[in-house]
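To start, the structure itself, in structure tokens.
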Amino acid sequence: MPTTYVEAIREGLWEEMERDPNVLLIGEDIGVYGGAFKVTAGFLEKFGEKRVVDTPISESAIVGASIGAGLMGLRPVAEMQFSDFISCGFDQIVNFAAKCRYRWNAPVPIVIRAPSGGGIHGGPFHSQNPEMWFVRTPGLKVVAPATAYDAKGLIKSAIRDNDPVLFFEHKGLYRRIKEDLPAGDFTVPLGKAKLVRKGRHLSIITYGAMVWVALEAAERLEPEGIDIEILDLRTLAPLDRDAVCETARKTSKVLLLHEDTQTGGLAGELTATLTERVWEYLDGPILRITAPDTPVPFSPPLEEAFLPNAEKVIEKARWLHRY
Amino acid sequence: MPTTYVEAIREGLWEEMERDPNVLLIGEDIGVYGGAFKVTAGFLEKFGEKRVVDTPISESAIVGASIGAGLMGLRPVAEMQFSDFISCGFDQIVNFAAKCRYRWNAPVPIVIRAPSGGGIHGGPFHSQNPEMWFVRTPGLKVVAPATAYDAKGLIKSAIRDNDPVLFFEHKGLYRRIKEDLPAGDFTVPLGKAKLVRKGRHLSIITYGAMVWVALEAAERLEPEGIDIEILDLRTLAPLDRDAVCETARKTSKVLLLHEDTQTGGLAGELTATLTERVWEYLDGPILRITAPDTPVPFSPPLEEAFLPNAEKVIEKARWLHRY
Amino acid sequence: MSAAELITPHPGGLASEQAEVAHRGLYYMSLMREVEDRIERKLYRQGKILGGVYVGRGQEAISVGTSLAATPEDVLLPSHRDMGLFFVRGVTPARVFAQYMGRVGGLTRGRDGNMHMGDLKLNIISIISAMAACVPVGTGVAMALRYQGKNAVAFCFFGDGATSRGDWHEGVNFAAVQKLPVVFVCNNNQYAYSTPVEKQMGCANVADRGPAYGIPAEIVDGNDLLAVHEAAQRATAHARSGRGPYLMECKSFRMTGHSAHDAADYVPKDLWDQWSKLDPIPRLESKMIEQGLATQGEFDELHARVRAEVDEAVAWAENSPYPDPSTLLDDVYE
Amino acid sequence: MSAAELITPHPGGLASEQAEVAHRGLYYMSLMREVEDRIERKLYRQGKILGGVYVGRGQEAISVGTSLAATPEDVLLPSHRDMGLFFVRGVTPARVFAQYMGRVGGLTRGRDGNMHMGDLKLNIISIISAMAACVPVGTGVAMALRYQGKNAVAFCFFGDGATSRGDWHEGVNFAAVQKLPVVFVCNNNQYAYSTPVEKQMGCANVADRGPAYGIPAEIVDGNDLLAVHEAAQRATAHARSGRGPYLMECKSFRMTGHSAHDAADYVPKDLWDQWSKLDPIPRLESKMIEQGLATQGEFDELHARVRAEVDEAVAWAENSPYPDPSTLLDDVYE
Ligand SMILES: Cc1ncc(C[n+]2csc(CCOP(=O)(O)OP(=O)(O)O)c2C)c(N)n1
Ligand SMILES: Cc1ncc(C[n+]2csc(CCOP(=O)(O)OP(=O)(O)O)c2C)c(N)n1
Ligand SMILES: [Mg+2]
Ligand SMILES: [Mg+2]
């Protein structure tokens, strides 16, 4: 039976909790209620209050307590009810968690799960993509899976990892995508991108929900004879720069796609990486397709205009292919 | 008599407070003590407790109260004692201040001053360059002056501006640089870069303390016949993309320089802007010179290795010139 | 512990000012109930309203009772279950429906949804989602009011759960140190989403936190419009006199799920039963009849009028256009 | 109000356990004083120590008194004026000097400076600069201790000013709800940098905040080693018994500037005079002489020994190399 993205995360958490008694969950409404998105429904009954800790509305304490528990050898998985509230626990993440290993050799093996992304009519405070605040902060790992397989494999790797990992799960994918997952334990390594489509003419480098937009665009461009390669980054920090450069060297033309807003988005970092490392291989400008630099608007026609979609990708891909 | 960078900021604040009774200051130890860097020494005596408000250690309340006062028509200037603590008031900045105008047409005319930057042996928590957290957040303006003239002119413009402005003053420049300032009122517009050195061979685009590093490198390269152009961005958001493209079109070779760490730094955004807009003009890869992706280390030899300097710029400039 | 036990009932005996408050209050509470019912139980289910929907069913006395005690210069910082105060301030139900539907006729012109609405001309500040973020902002508003020499106060609203946030603490503390004119209004509806108060805080009442800031704090029967109104008068008298902030804890109950999609199975049935007897609207009506201020016939007429008003407002909102996508980039900066 | 007035003096009468605490405490306090004096008044002025220097002059009884009451399994989260507890846990002065000088011999190998040091093997957690950030972390440590079935507590240290921060509130509140074994130790030294307590909070004492979380809070004479030690024993007994957190407010005074560059002109002279009479080191010595536990000669000997120890430690630190710049990129991740 196919497994949804949200179910895949749930399974990953469940299996890791069964495997390792040091794994525990901390967050708002995750116990009795099973979490705002029901990711942890049934966990309290199975694992008990000690390992499924309902908290007050205190994002800073959720992260801080996870750090404290992590320093003592536990493996806490903290949930932000929406990634938009991660800014309320910001200092703990970027200053406490991120710098412990570097400063005093103290590992902080925590995971912070944060449902992110738009397209669900959530408006400015339930739709954000905050990944770049963390990608730019040395000491943090940042993950953003696009598929159910990766979601499960990456949450497991994140929990087993000895560094603080931000795990951005895209709300829009939770129940929209599903696939058959292999039985038994499997993981997906942090820091490794995945080539999800091979192509000759042009590379789209992307992550998260936009992987599906890229796939749709690629399929629709195929009849036109434009053969698109798609790289799903999966982990944003540390970034798999080798894979990024490899696809660029192969196709010589690169489109960068993300749902996050443009200025300061990951596309800039990718562009710099490419011009530094594979400049001579490029046969055209590197183009960005991203949300514009505004808050995420609520009203459907505005949000639709705001989000990148296959249409916008196709247009730029055609242009770049002709270049 | 030449005016130091710190004195220029002080003068700008003082004159704006004299000019506009709606301007007030809010921060820790800014009253009786005159601020950790003595920027507001004498202000309490002159303007009184109503306009120079000493606060508890509450960065979120400092920013939040500034927002509230700003919405009511005042023009608060908040001080973060060190920019490293801005993460403690983060949600108020990125979610409350940044989005009010877009959401409900409510201007938030506040300035948040934040002494930033390294080179003063401050270690991981008194040396950071947090500008990109804000540059990437739509709705915020971000300023980072390099000279006493700009510091004064920009703090005045920031106070008169009707949007939230983050004002990053570089601690390392406070007492190190000085210049004669014109008498009387002057401002420097937000959003406009400044060409601080004209040159033919290669452009260095930079901001803040690194402007001085670029100038030193340029002078040392002159005898070798390498003629360097330097663009000081001054405002990081909104970014003066026209000026960025203009210098690149002129010299066709670009070095990007900042003290901030590399991944997700402004250099990436600049690279993307350049490849999108002036691709055909470029005669070589765009190179970045930045701090590496680590926390700011304390010990002098480590911090020295961490910070960009003229040596590192010269080396890359030579390489790019030869390219 | 049952929160209801803590409440001292309002003593009764209505002076003429109170009679006026009762009449106006009943209207606004009924309007709020009708608008929110329409949103939560009809338009949301019809798919005409998207996104999160949070209503104040059972808590109407809090926003209505306090805002009726406010002068127009007083600034209101409503939370997400305080719709009543918008009506008290003159916002029409039509604009509220348009807001919820993402139309240009809404207070944010489709930029934001649901209770995230404000209007500076009406002295109402729009919240953001982060619970308690409005608390330091309310403190700043009060600072400005004093700075500008106005004899006005800021009313800052939040739930029991919001008091766990650092922003709540920082905002109240700073206001207390500065002795600013803020009235902090807590709706303690026993729950924060699914989390009961005892998992939210170690003390029994939010009011127990007043002494931590050296400010007076009072427990109010939040389901009694007149009690809330009277407490708000005491609170503003204190705040206006320069003695600093005042904390009102209005004990109440969320007579619905956390949001429109939540069945609230986690709430024990006896709590529902206990509190539904305390529904502030019938309670006020009974008292008004008791005191000879109105008849059941008048109430029936009132509710019919409110329903008609709401029907019209919905129609207006549905006719309000969606924002033009070409405006997407406007107003990020001036 | 003078904080000193609030303090109930320690009743006196030393049992043999107390005599032992007095002897050990005097040594560690003297060592802390000597190390910090050397740092603040000599090495810093000689330019051998860079960056910010914050010392606990006058507050030595707090970190020493509490940590002497801790078992090795108890986890300490010191703040920036609590050097004494490092010595109690066995960290050598040599390593502390190396830390301040940015040498590889320091606890952070030159990565960080001053009091930002910790050692997981010694159950000491390194603070970060942001005041009160360690409070939620302490709560998490206590959660882990309970999870792991240890009969241990977390000691979380902070200043009066730190209690204004949202993190303080969130951390204490969460610990209280969870009834976790944390002892919150406040050093109320009357000032946060230049800001006096009355500009920091609206209540008179930090201990007044205990009821806001439903936890016991006690005001302790922070300049009396034995009083601090006894209070810490009460606190840990409470925390270990599963009854949740305990708040100790140790009234004390910062007998120096905020940091090495601060002359502290903002502190009224009479406060200095008043508190210098309460210096915890001579106070303990007087009591020990009174009780016949030691002689002046023994104290002189002790101080000479401490000075020699410190001389040696400084020499060791100065010989410790600077970190190799080639290690700059190591250990950002595993
Ligand atoms: C900082 C933050 N964290 C989480 C949420 C998600 N959330 C929305 S409402 C709510 C419960 C609020 O409880 P309370 O403050 O008691 O208000 P009530 O809804 O009961 O009126 C939560 C957890 C949020 N809005 N903000
Ligand atoms: C969040 C934060 N804001 C500002 C500072 C700057 N700062 C360092 S120490 C200090 C005063 C601390 O006062 P208190 O908590 O009373 O501790 P004390 O220094 O008196 O021991 C301040 C404001 C900081 N470290 N962290
Ligand atoms: Mg509630
Ligand atoms: Mg203090």
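Per chain, numbering begins at 1; letters A, B, ... match sequence-line order. Just so you know, these numbers come straight off a predicted model, no measurement behind them.
Between C/Thr327 and A/Leu302, the closest side-chain pair of non-hydrogen atoms falls below 4.5 Å. Using a 4.5 Å heavy-atom threshold, the side chains of A/Phe298 and C/Thr108 count as separate. Side-chain contact between A/Pro300 and C/Leu50: present, with at least one pair of heavy atoms (C-beta onward) separated by less than 4.5 Å.
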Worked verdict on A/Phe125 versus C/Asp112 for side-chain contact (heavy atoms from CB on, under 4.5 Å): CA-CA 9 Å; A/Phe125 303 112; C/Asp112 205 339; 3.6 Å; yes

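Looking at C/Asp324, only its backbone comes within 4.5 Å of chain A, counting heavy atoms on both sides. Residue C/His258: no heavy atom, backbone or side chain, is found under 4.5 Å from chain A. Contact annotation for C/Ala133: neither backbone nor side-chain heavy atoms come within less than 4.5 Å of a heavy atom of chain A. Neither the backbone nor the side chain of A/Glu304 comes within contact range of chain C; no heavy atoms are under 4.5 Å apart. Using a 4.5 Å cut-off between heavy atoms, C/Tyr191 does not touch chain A at all.
When each of C/Tyr266, C/Tyr322, C/Tyr193 is scored by its heavy-atom pairs under 4.5 Å with chain A, the top score falls to C/Tyr193. Of the listed residues (A/Gly123, A/Gly31, A/Ala36, A/Ser87), the one with the most heavy-atom contacts under 4.5 Å to chain C is A/Ala36. Of all the listed residues (C/Thr163, C/Val332, C/Leu328, C/Val104), the one sharing the greatest number of non-hydrogen pairs under 4.5 Å with chain A is C/Leu328.
Within 6.0 Å of NZ on A/Lys178 lie no more than 12 heavy atoms contributed by other residues, nucleotides or ligands.
Using a distance-only test at 3.5 Å, with no hydrogens or angles considered, no donor-acceptor pair links the side chain of C/Ser164 to the main chain of A/Ser58.
Inspection of the A/Asp29 and C/Ser194 side chains reveals an N or O donor paired with an N or O acceptor under 3.5 Å.
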